[in-house]
Structure formats: C-alpha cells, structure tokens
Asks: 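Here it is: the structure, laid out below.
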Amino acid sequence: MLDANTILLDRYRIVRLIGQGGMGAVYEAVDERLGNTVALKRTLVMGGRLGKAFEREARLLAGLRHRSLPKVYDHFGDESGQYLVMEYIPGDDLAAILRARGVPFAVEEVLEWGDQLLRALEYLHTLRPPVLHRDIKPQNLKFSAEGALVLLDFGLAKGDPATQSLVTGSGSVFGYTPHYAPIEQIHNSGTDARSDLYAAAATLHHLLTGAMPVDALTRATAVLRRQADPLLSPTDLNPRVPPEVSHVLMRALSLNQEERPASAAEMWAALAVAREEPAATVEAPEPIPPPPSPARSLESHAPARPSPSGGWRAAASAALPLPLARALSRPWAVPIGATLALLLLVLALTAGGGATLGTTARPTSGAPALAEPREGVTEAPAPAEGLEPSPTVARPSALASSGVPAPLVTIPATADLIEPSEAYAGNLPVAVTVRGDRLDTVRDFRLVAGSGATIVPNVRAATAGEALLVITELAGPLNGEQVFELVLDGATQPVTVVLRDFRERRQMLGVREEYSYTGRVGVDESGPLTEMLVDPDAASAPAAVLRPGDEVDLLRDDVAGWYQVRLRIASASSQTSVVGWVERWLVDNEGAPAAPSFQGMLLNVSTDRAVQCGKEFRSSVYGSVERADGSGIGGALVRVSTADGRNRFVESTKGNGTYNIGGLGCTTWVVELLEVPGIAGFRANAIRVTLNGGLYTSGAVRFRQAAGS
C-alpha cells in the first residue's frame, strides 16, 4: 500500500486509497505537472511477459473513446508495480448507492442505465480486435459529472484472443467476480462478447431486485444434479419489473452461451421493445362524453366508445399523439394521463372543424365527399414496415370551414447526437447510435460526405429516441478520414461522424541514434533515420525514409512485430502518403532488439562535398572501442571492408582505445569489431558507412561495451 503524499514518476502524488484487491489497488492522485486529479491503478504485475501484456493493455485502453468509458492518460512501471493513469470519476459506485438505499432502484432508472451500458459494450465489442471487459458489476459503475453512466476498471479487459492480454495460461491474473461471471469465464473455457452480456444482465438483475444473483457455478451444479435452476427472475423478486424485461435478462443469463443474445445491440434492442410493452393497469370508469354542439351534428366525429376489454385508456390513447399515448400506457401516468386525455378529446371535438388529433378532419354531413386529393391537401406518408407513424396535426384553414379536409403536417424526425463521433472503418461492420426524436418514423437513414459520397447503413433497431445503425459497406476509400453528415429522410441533421481507415496516429519514437547497433537505424548529417519497407520483411526493398517526429497512420497491426503505416507528416514532403511496413519498436520505442555485448554506433559522417565519386581513395573511418564506463580499450581489432568483401583493412586500437583507418574510396564500408583483449565470446553489431572518397570525408564509429556484459 502506498502512503499519502508518495510521489511516483516525479509527477503523481498519492492522495488516498480508493479500493484494494488481491492483485493491486486504485488510488486517487494529483498530477503535479497539470494540477488535475487522476485515478492511479496499480497492479503487482512485474516485468517479463506479463509486464509486456500490461503495456499492450494500456495502449489498447488509451485508444478508447466513448462517453461511458474513462479516459486513459498514461502508463508506467517501477519497482513497486505497473500503473495506469486514468480519468478520476468521483462519487460512490452503484453497489455502494444500492447498499445505502436498502431497496432496489426504480425500473425505468435501471433500464436507462442498461441502455448506456449496452451502448458502451457494443462500441467495445465492434472494435477490431474486439475488447471484452470481463468484470462488469455494480462496483464498476459510477456516474460522470454530466450524469452519464461510466464503466470502470479494465483490469480484466481482453483484446484479440491471440494476445490474451493480462491472462495467463491457467486463467486470468486478476480472477473474476463470481456472482456476475458466466460459467465459461469461471471454467476458463473461452470468453466472448456474450460473456460480457451475462455480466451486464447479472448487474441489472441485482440493481432491479436488490439481491445478488446466484453465481453461475452454483446454478450449473444444480442443473447437473437435475435440480431447478436456483436463479429467480427479477419479476419473481420484484413484481414491479415487467415480465418482458425479465425475459430479456434471463435469456442473457443463460448458462449456455449460444442461448444468449448474439450482441449488445441485440440485447439493447430487446430491452427497448420490452420497455415499450404496455403495463397491466386497473381499468378506470369510462369518461362521460361531452354534450353535442347545438350548431352541428357530432355523430360522425364522436370517438368510438371504449370496449369493455380496452377501457377508457385505449380510446384516449387512440386519439393522442404517439408520445402521449405511450405515457398513458404507464401505470403511474393514470391520474394525469386521464385528465389530459379528456381535455385533448374535448378540444379535438370542438376545434378545427371537428378534426381529431392525429386524423384527417371528416367533412360535415352536408359536404360532398372528395373523390381525389384537392390542391393544398397533403397526406401523411405511410409508416415504414414495423414502425409507428409520425404524429400529425390537422391545421385549421379556409378549407376546413368549407368542409374540405385540412392538410396534414408531418412532424419530422430529428437527431441531436451520434456516438461514437468518430470510428475506425478499416474493418467492417461499424455500429453507431443515433439519439434524437421520432427516429422510429424514419424511412431513410444516410451518411453523406462533403464530396457527395453516401453510405446507407442497416437499421438494426429503432425507437422514438434512439436508433442503432450498422455500416456494412463504404462508398469508397476513405484515404485517411472523412466527415459524414447524418441525413434523415432527406433532411440534413446537425450531427456528424468521422470515419477513418487508420487505427491510430503515431509519431516515430524509436528512430534514435542509440539504436544504430540494430542495423535498422542509421545516422547522416540530418540525424537518425530508418527505412519504411515495401513488405513486412527486413530484406524487403525500401519505400521511404522515416525520421524522428514523422507522423504515421497505423493501417494494419495483424502481422507480428510489424505495422503497416501511411506517412502523414514527413520530413521529406515528397514522401507524404507513402504506404509501407515498419517494425513496431521503431514506432513505439518499445521492445528494441537486445543490445550486443559491444554496441556499435555510427556517430556522424562528414562529407567532402567538393568531391564526386571517382577514383579517389582519401576518406577514412575512425572511432574508439570503450568499456561500459567510457574508458578506452587498447589492442582491440577493428576491420573495415567493402560490402563484397574484396577490400579489407584491419587496425588495432591504441592504448586509449582509438583507431583511424584511411585511404578508403567511394563506396559503402562495413565496420566490425573482431577482437577485444581479455573478453572472449563477445557479440558486436556491424555498422555500414557510405563514403565519397574525399579528403575531408570520414565516418565516426564507436564500439562501447554494454552495461553488465
């Protein structure tokens, strides 16, 4: 445990312990450099394969962008463990809030949280590779300052199954939480997106009932013994939970992965439908209809009397706009809904020539029927299959007073949010969620770029407030990134989504002089450089030159040890947009090839610019052979030879460890350390130097013993 005011990395000051487990802890800390509060997650994973796995996990989490996921700012390690620096979310988690309440949360409240949680899981699961959280529970759910649900603690998160990040051969490093973990996670038989759905359903079950769900192992044991599954449905424990909602959750809590919803989007859509199912209510007395107007007969306008089975609620709902009709279906809306329904019915029957809300005004008994539409009269479009129509309002006009039907004005659907607001589209499909109003009435969803490129997504699910769109095909190559506007039934909305064909943007961090011993980093008069290659093969032809600070788009990372990249910002502008392959360590500055016993380094090459390659042999290679502390080693043998091996020069270092080999011509020379007095079996990398044969052309090559060798 770290004490308060402990300083880590000369930057992060510990404030207090937030939580602690068997493999680590989470602290509140202050970033002294920026002055903001952060969450510092410490794990006891140290070096080796698990340390590398932790670093991979940190990079994976740092790329996540979603309102329900915390931001990851940094990661580092020291002798005390590995650390993730994350966004600090203050306040209690849902488990603590539930304990303090002592009673379950309201159903609508929990279902709204479920919507947000499943949207976050859909985002995670549709990444490439997918990200599995693997530890969803009330203790890992908190609220942001804006009130959004936030899913915390990615200690068990797992990316591509091939990497098994933070997972050992015998199971997860950090274990699992039994009451929320599916049986396949407990048995370590292979988790997938449906495993997260089990945990999400178990979490919602707990929040709706106040009772911790029976763990999967106990359930499986009972089933094997041919006993009843001991897990009761939420409705059995809390009658306020609609049976339709219980059905969705119990399906997601199936012990068999194949019986659960196939995706977070499917579960989200099922819960959205379950929420809209009308709840059973006690039938109220029928309302007394208003008296007929003495000026005209209302017989043709009077609403049908409710049937004994439907009650007054069904009749009132039929005459109301969709949002109000839905409100009346809620049991808690009975008193207000009844009054509002009666009021609107009276207004509908006495205003606008007798037109009722949501219907075309019929002509009075004395007006002739119209055989076809009249000029200025529009009809409400038929709803798309499976969707409810938009609410329409008949507006009074001169036509109404003459008995001609008033025109219907359709209220258009609108969108005010699309998330994620940017997405990687290099691998399809991509799922995005649109939030707005009357989205269930939209017939045509489109994403349109400024260039005119148009994407028609599949509509996976749609309710009045939200729609889940899945992009399965692009309009053409993105060539970086493109901004697409959302268009609903031809109307452009004030929301956009950025689609990109690259995973991340990175700077070349590993092109450093100290890595020249690898043979992949060289040095010229402009500094260190490396080559982008045509293929992921060190022997492949070069495609471009990369230098420190160059920015690249990561296109592919599915070849071990290599990135396919596109140059975005290059030192040589002529190379911008070139695509090729480069070793990952040259980009990340992590995992460079092990240094040899003696590390050769090309310090610089001075060039006699007045000399062109010809027959002159006046260039030289000079340098030193040194111990780890920098002192020279005399009597060491250094060889300089042409690439074809035909010309070779060998020289012994002086007492101070220096050497100088002159008379070299215009070609590429290979500099090697052959022998070091008193050190047998050493390894040293060779250095290549290109000279032009001039009097003032020379290459400086130093060989220094690696520390500890």
Side-chain angles (χ1 to χ4, degrees), residues 47-49 51-52 55-56 59 506-550 552 554 557 559-565 567 570-571 575 580-605 621 623-628 630 636 638-643 645 668-674 676 679 681-691 699-709:
R49 184 172 65 88
K52 291 296 182 184
E55 293 177 9
R56 287 196 302 271
R59 291 197 298 271
R506 299 272 192 88
Q507 283 192 325
M508 300 297 298
L509 301 178
V511 185
R512 305 163 68 96
E513 288 189 19
E514 57 263 36
Y515 294 144
S516 60
Y517 68 82
T518 64
R520 289 294 294 127
V521 175
V523 181
D524 63 10
E525 60 272 14
S526 298
L529 73 158
T530 191
E531 291 176 332
M532 177 197 296
L533 304 178
V534 173
D535 297 307
D537 183 345
S540 177
V545 172
L546 300 172
R547 294 186 180 274
D550 285 357
V552 295
L554 268 55
D557 60 359
V559 177
W562 293 81
Y563 288 134
Q564 186 186 44
V565 301
L567 254 173
S571 303
Q575 297 185 132
W581 294 84
V582 65
E583 293 98 320
R584 295 189 184 190
W585 66 269
L586 288 167
V587 178
D588 302 335
N589 192 29
E590 296 178 358
S597 304
F598 280 82
Q599 299 173 16
M601 181 180 296
L602 178 62
L603 300 180
N604 59 64
V605 178
V621 171
S624 61
V625 178
E626 305 170 357
R627 297 182 179 85
V638 178
R639 181 174 66 190
V640 177
S641 57
T642 55
T668 296
W669 297 86
V670 180
V671 186
E672 301 169 278
L673 181 60
L674 299 180
V676 179
I679 302 178
F682 71 88
R683 293 177 296 108
N685 58 294
I687 299 296
R688 299 169 70 91
V689 184
T690 300
L691 306 173
V701 177
R702 182 189 71 194
F703 292 94
R704 175 171 288 183
Q705 186 179 21
S709 63

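Treat the numbers as computed from the prediction; the structure is a model and nothing was measured. Excluded from the calculations below are hydrogen atoms, water molecules and symmetry mates; all remaining heavy atoms, backbone and side chain alike, are included.
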Asks: Got a sec, which residues hit salt bridge (charged side-chain N to carboxylate O under 4.0 Å, His left out) with R512, two or more places apart in sequence or on another chain?
Replies: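 For R512, the residues satisfying salt bridge (charged side-chain N to carboxylate O under 4.0 Å, His left out) (neighbours in sequence not counted) are E514.
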Asks: Who pairs with D535 by salt bridge (charged side-chain N to carboxylate O under 4.0 Å, His left out), at least two apart in sequence or on another chain?
Replies: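 Partners of D535 by the salt bridge (charged side-chain N to carboxylate O under 4.0 Å, His left out) criterion come out as none, since no residue qualifies.
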Asks: With a 4.5 Å cut-off on side-chain heavy atoms, are L673 and V638 touching?
Replies: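 Answer yes - side chains close enough.
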Asks: Kindly compute the distance separating CZ (R688) from CG (L602), expressed to the nearest 0.5 Å.
Replies: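 The CZ atom of R688 sits 12.0 Å away from the CG atom of L602.
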Asks: Answer yes or no: is there a side-chain heavy-atom contact under 4.5 Å between T518 and N685?
Replies: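 No, their side chains stay 4.5 Å or more apart.
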Asks: Specify the closest pair of heavy atoms between V621 and L691, including all atoms of both residues, with the distance to one decimal.
Replies: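 Shortest heavy-atom contact: CG2-CD1, 4.1 Å.
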Asks: Compare all side-chain heavy atoms of L546 with those of L586 and state whether any distance is below 4.5 angstrom.
Replies: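 No - every pair of side-chain heavy atoms lies 4.5 Å or more apart.
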Asks: Taking side-chain hydrogen bond (donor to acceptor under 3.5 Å, both in side chains) as the definition, give me every residue that meets it alongside R683, ordered by chain and number, with sequence neighbours left out.
Replies: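 Counting only residues at least two positions away or on another chain, R683 forms no side-chain hydrogen bond (donor to acceptor under 3.5 Å, both in side chains).
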Asks: Under the side chain to side chain contact (heavy atoms under 4.5 Å, CB included) rule, collect the residues that match up with V559, sequence neighbours excluded.
Replies: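 Testing V559 for side chain to side chain contact (heavy atoms under 4.5 Å, CB included), a comparison that skips the adjacent residues, returns P536, R556, W562, W581.
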Asks: Residues two or more places apart in sequence or in another chain: which of them pass side chain to side chain contact (heavy atoms under 4.5 Å, CB included) with R702?
Replies: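 R702: side chain to side chain contact (heavy atoms under 4.5 Å, CB included) contacts with M601, L603, S624, E626, R704.
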Asks: For R639, which residues count as a salt bridge (charged side-chain N to carboxylate O under 4.0 Å, His left out) partner, sequence neighbours excluded?
Replies: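 Scan of R639 (salt bridge (charged side-chain N to carboxylate O under 4.0 Å, His left out), adjacent residues dropped) gives E672.
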Asks: CZ/R584 to CG/N589 distance, rounded to the nearest 0.5 angstrom?
Replies: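 Here the rounded value is 15.5 Å.
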Asks: Between V670 and A686, which heavy-atom pair has the shortest distance, and what is it?
Replies: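 Nearest pair, atom of V670 first, then A686: CG1-CB, 3.9 Å.
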Asks: Who pairs with T642 by side-chain hydrogen bond (donor to acceptor under 3.5 Å, both in side chains), at least two apart in sequence or on another chain?
Replies: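 Partners of T642 by the side-chain hydrogen bond (donor to acceptor under 3.5 Å, both in side chains) criterion, ordered by chain and then number, come out as D644.
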Asks: Mind checking what makes side-chain hydrogen bond (donor to acceptor under 3.5 Å, both in side chains) contact with S571, not counting sequence neighbours?
Replies: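 Per chain and number, S571 pairs via side-chain hydrogen bond (donor to acceptor under 3.5 Å, both in side chains) with D550.
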Asks: Run the ring-ring contact (aromatic ring centres under 6.0 Å, His included) test against W585 and tell me which residues pass, sequence neighbours left out.
Replies: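 So W585 forms a ring-ring contact (aromatic ring centres under 6.0 Å, His included) with Y515.
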Asks: Any donor and acceptor pair, going by atom type alone, linking the side chain of Q575 with main-chain N or O of V545 inside 3.5 Å?
Replies: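 A pair under 3.5 Å: yes.
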Asks: Do the side chains of T690 and V605 get nearer than 4.5 Å, heavy atoms only?
Replies: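 When only atoms from C-beta onward are counted, T690 and V605 do not touch, as no gap falls below 4.5 Å.
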Asks: Name all residues meeting the side-chain hydrogen bond (donor to acceptor under 3.5 Å, both in side chains) criterion together with R547; count only those two or more places apart in sequence or in a different chain, and write none if there are none.
Replies: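 Checked R547 against side-chain hydrogen bond (donor to acceptor under 3.5 Å, both in side chains); matches are D524.
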Asks: Which residues pass the salt bridge (charged side-chain N to carboxylate O under 4.0 Å, His left out) test with D588, sequence neighbours left out?
Replies: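 If we apply the salt bridge (charged side-chain N to carboxylate O under 4.0 Å, His left out) test to D588, skipping adjacent residues, the hits are R506.
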Asks: Taking only residues two or more places apart in sequence or in another chain, which ones pass side chain to side chain contact (heavy atoms under 4.5 Å, CB included) with I679?
Replies: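 Partners of I679 under the side chain to side chain contact (heavy atoms under 4.5 Å, CB included) test: F598, V676, F682, Q705.
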Asks: To check you understand the geometry: which heavy-atom pair defines the closest contact between G699 and V689, and what is its length?
Replies: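 Taking every non-hydrogen atom into account, CA-CG1, 4.1 Å.
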